[in-house]
Structure formats: structure tokens, C-alpha cells
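What follows is a short report on a single structure.
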Amino acid sequence: MRVLVTGAAGFLGSHLSDRLLGMGHSVLGVDNLSTGSLENLAHLAGEPRFQFEKRDICDPFKTGKVDYVFNFASPASPPEYLRLAIETLRVGAVGVENTLEIACQYDAGYLHASTSECYGDPLQHPQTETYWGNVNSVGPRSVYDEAKRYGEALVMAYHRSRGLNTHLVRIFNTYGPRLHPDDGRVIRTS
């Protein structure tokens, strides 16, 4: 398969690109590098099945035929999404819509990386799929929470109204190699 990975230079997007290449797929990685780093992809230099394009998915773009779209584009670190507040909202709205349109154009599968922040400050632990959350739509973290909530609603609208093969995954507190040390979600030990 030929796969589009948005946010490919980010922590999760770079690992996903590695995995897809390891499975024998070709990957078109896209990232505007606002929070991602080319260092996360340096080991893929010379890999013929990997192509990288620096671009903002909020601007419409052409990919050529793709079989699957993995949308991982979004600032996820609290310091970064607060610094990039408007950009975070735009990528969760305009960027998601642009990538859904690409999936529709090629009848490609679509997976949207969302977040546990969709639950806001939950009153229930652990959260179940039937729990709708406790969200402050005007609080300081709302730019990320609401961008992800809107993105999920948009993905489901494309699924229901256009029959697009979509999937949502809500990622909780993930860390590991390539996570920026000042990310703000992991306690530093040094």
C-alpha cells in the first residue's frame, strides 16, 4: 500500500512511519515542522519507499493515489498547543477536512489520531466509551480539546454522510524515544 502519514516528523508519526515501512508499505510523510523534527526521520534518509514533504495540511494539497491516510498532525504537547493556539484549532478543523477529502478522492481508509483530552477533566476514572466527558470549551486547554473533539465529529460526518472507511483512536499518555524532553507530559528525571 501507499500510505499518507500527516505529522510524520512528530513523536508518534515517525514511529508509525517506521512501522508501516517495516510492513512493506510506501509512506508519504507530511509535516509542517511546527512541532515535529527532521531528526525523527533522519534514519529514513535513503529509504526509497519513504518520501517526505514539508507542508501545512491546512492548505489543500495533492498526494497522488494513496490507499490509507493516518492523520497524526497536531501539536500535542501542552506548551506547544498553547503557543500555537490558533494553528492547533485550524489543524483540527481545516487540516482534518483536507485529509478526509484526500481519502474520499482515492477511496482510501482513514485513521484519525485523537486524544483522551476529548474527555476534558473527567469525572469518571477510567473513562469508558459511553462517557461523554467534562469539557471547559473556553479554558486554557480548550484549543487542543475542542480541536480534537471537532476533528472526531468531522471524521464521523464523513463516515456517515459519504461512507468513508474511518477509524478514531484516542491516545492516552504515550512516551518513549523521540519524545521531546521538554514536552510537558512526562516527568524529567535529570
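Values below: every heavy atom of this structure, side chains too, minus hydrogens, waters and symmetry copies. Quick caveat: nothing in here was measured; it's all calculated off a predicted structure.
Atom CZ of residue R49 and atom NE2 of residue H25 lie 9.5 Å apart, to the nearest 0.5 angstrom. Atom CZ of F52 and atom CD of E47 lie 15.5 Å apart (nearest 0.5 Å). Note: L41 CG to S14 OG = 6.0 Å, rounded to the nearest 0.5 Å. Rounded to the nearest 0.5 Å, atoms OG (S26) and CD (Q51) are 9.5 Å apart. Annotation: the span from L154 atom CG to T166 atom OG1 amounts to 10.5 Å, rounded to 0.5 Å.
The side chain to side chain donor-acceptor pair (under 3.5 Å) contacts involving residues 94-104 comprise T99-Y110, E101-Y158, E101-R162, where partners must be two or more places apart or lie in separate chains.
Residues V27 and S17 approach most closely at CG1-OG, 3.9 Å, considering heavy atoms. For L89 against A147, the heavy-atom pair with the smallest separation is CA-CB, 4.0 Å. The two residues S116 and R170 have their closest heavy-atom pair at N-CB, 4.4 Å. Taking both residues in full, the closest heavy atoms of E152 and C118 are given as OE2-SG, 3.2 Å, listed atom of the first, atom of the second, then distance. Scanning both residues, D18 and H43, for their nearest heavy atoms gives OD1-NE2, 2.7 Å. Residues T88 and V143 approach most closely at CG2-O, 3.8 Å, considering heavy atoms.
Remark: the backbone N or O of A9 is paired with a side-chain donor or acceptor of D31 at under 3.5 angstrom. The backbone N or O of E39 sits less than 3.5 Å from a side-chain atom of S37, completing a donor-acceptor pair.
For the ring pair (Phe, Tyr, Trp, His ring centres under 6.0 Å) test, no residue two or more places apart in sequence or in another chain qualifies with F72. By the salt bridge (charged side-chain N to carboxylate O under 4.0 Å, His left out) test, E87 is found to be paired with no residue, residues two or more places apart in sequence or in another chain being considered. With sequence neighbours left out, K65 forms a salt bridge (charged side-chain N to carboxylate O under 4.0 Å, His left out) with D67. Under the rule for a salt bridge (charged side-chain N to carboxylate O under 4.0 Å, His left out), the partners of R149 that lie at least two apart in sequence or sit in another chain are E146.
No side-chain heavy atom of N32 sits under 4.5 Å from any side-chain heavy atom of R55. With contacts defined as side-chain heavy-atom distances shorter than 4.5 Å, the pair Q105/T63 does not qualify. Side chains of F70 and H112 form no contact here, defined as non-hydrogen atoms less than 4.5 Å apart. Looking only at side-chain heavy atoms (C-beta outward), Y144 and L82 stay at 4.5 Å or farther from each other. Counting heavy atoms from C-beta on, the side chains of D121 and N136 never come closer than 4.5 Å. Using a 4.5 Å cut-off on side-chain heavy atoms (C-beta onward), Y68 and L4 make no contact. Side-chain contact check for L28 versus F50: every heavy-atom pair is 4.5 Å or farther apart. Between C58 and R90 there is a side-chain heavy-atom pair separated by less than 4.5 Å.
Cluster annotation: L44 and V30 are assigned to distinct hydrophobic clusters (Ile/Leu/Val/Met/Phe/Trp/Tyr, side-chain heavy-atom contacts under 4.5 Å, transitive). Tracing side-chain contacts under 4.5 Å through hydrophobic residues (I, L, V, M, F, W, Y), one reaches L123 starting from Y119; they form part of the same cluster. A continuous path of Ile, Leu, Val, Met, Phe, Trp and Tyr side chains, each step under 4.5 Å between heavy atoms, connects V91 with I102, placing both in one hydrophobic cluster. Cluster membership check: F11 shares its hydrophobic cluster with L21, using side-chain heavy-atom separations under 4.5 Å among Ile, Leu, Val, Met, Phe, Trp and Tyr. No continuous path of hydrophobic side-chain contacts links F61 to V94 [ILVMFWY only; heavy atoms under 4.5 Å].
Summarising the hydrophobic clusters (Ile, Leu, Val, Met, Phe, Trp, Tyr; side-chain heavy atoms under 4.5 Å, direct or chained), the residues clustered with W132 are none.
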- [ ] Starting from the C-alpha separation in whole Å, work towards a yes-or-no answer on side chain to side chain contact (heavy atoms under 4.5 Å, CB included) for N165 and D107.
- [x] CA-CA 8 Å; N165 175 18; D107 195 27; over 6 Å; no
TODO: Applying side chain to side chain contact (heavy atoms under 4.5 Å, CB included), run through Q124 and T128 and close with a yes or a no.
DONE: CA-CA 8 Å; Q124 179 186 101; T128 64; 3.3 Å; yes
- [ ] Please assess T35 against Y81 for the test side chain to side chain contact (heavy atoms under 4.5 Å, CB included), listing each intermediate value before the final yes or no.
- [x] CA-CA 9 Å; T35 61; Y81 65 66; over 6 Å; no
- [ ] Give the intermediate values and the outcome of side chain to side chain contact (heavy atoms under 4.5 Å, CB included) for residues L111 and V169.
- [x] CA-CA 7 Å; L111 183 135; V169 59; 3.7 Å; yes
